[in-house]
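Single-structure report; data block below.
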Amino acid sequence: MTGSQISASLLWRLAVLAVFIVFFQIGVVSEVPVFGVNVDLSPLLVAFTGLLCGSMIGAVSGFAVALLVDLAFVQTLGVTSLIFTLIGYWAGRLRELRDPQAALTPLLVGAGASAASLIGYSLIEFMLGVDAPVSFELLRQIVLGIVVNSIVALPMWALARRVLEGGLPEDPRRRRRRRAHTTGGLSPLTRA
């Protein structure tokens with residue numbers, strides 16, 4: 001998707017969806033632990049934005065959503081932005097290179113985005129010297145977080161696709177081509 005194909009409608013839809021998801025995550029989802037972990041909707045949103053819109057919009061939305069998350073949770077600025085930018089970019093590259101149409105694609109992309117988010121955040125915080133215990137409890141939290149986020153990935157995919165669908169430009173790879181009839185596209189009347 002090039003810069004000329006980005007519509008104002010798509011940008012508004014992305015902004016509204018991002019603000020809604022981040023505040024819904026802060027106000028509702030973070031208060032309800034499932035199996036001892038909290039569902040993280042923001043990496044799923046970034047991955048599905050990249051999967052629907054391409055690598056550039058995925059990377060930019062990843063940076064913007066992560067900055068909003070960092071500011072809302074009063075976290076170290078930039079750590080989540082780095083991770084989410086990479087998640088959005090690679091989900092967009094998957095769309096651009098492979099054009100995934102399988103039914104399990106949202107589930108696998110959601111699991112990959114959750115794994116990248118949880119593992120990446122833990123590694124960067126560890127490298128920055130944050131005093132946090134590294135134990136089997138951390139490994140359990142990461143594995144359960146990936147499982148729980150993978151379960152939530154399908155409804156999140158449906159929501160993201162539903163909201164963004166009206167603003168997406170037509171993908172030239174998915175256009176149906178008109179097939180010429182058995183004459184190979186030439187009409188016998190035009191041979192005169």
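Source: prediction; values computed, not measured.
In this structure, the side chains of L17 and L159 come closer than 4.5 Å at one or more pairs of heavy atoms. By the 4.5 Å heavy-atom criterion applied to side chains, I21 and M156 are counted as neighbours. In this structure the side chain of S114 never reaches within 4.5 angstrom of the side chain of D40, judged on heavy atoms. Side-chain contact between V22 and L41 is absent, with no heavy atoms from C-beta onward closer than 4.5 Å. No side-chain heavy atom of L164 sits less than 4.5 Å from a side-chain heavy atom of F48. In this structure, the side chains of R140 and V143 stay at 4.5 Å or more apart for every pair of heavy atoms. Inter-residue side-chain proximity for I57 and L10 is flagged as met; some heavy-atom pair is nearer than 4.5 Å.
Across F84 and G62, no two heavy atoms sit closer than the pair CB-O, 3.2 Å. Looking at every heavy atom in both residues, L154 comes nearest to L107 through CD2-N, 4.2 Å. The two residues I26 and E31 come nearest to each other via the heavy atoms O-OE2, 4.2 Å. In terms of heavy-atom proximity, D70 sits nearest to G78 at OD2-N, 3.4 Å. Taking all atoms of both residues into account, the shortest heavy-atom contact from A91 to A47 is CB-O, 3.2 Å. Contact detail for S122 and L138: the closest heavy-atom pair is OG-CD1, 3.9 Å.
The side-chain contact (heavy atoms from CB on, under 4.5 Å) test with I83 singles out one residue from V79, T80, L86, and that residue is V79.
Heavy-atom contacts from other residues, nucleotides or ligands closer than 6.0 Å to OH of Y121 number more than 12.
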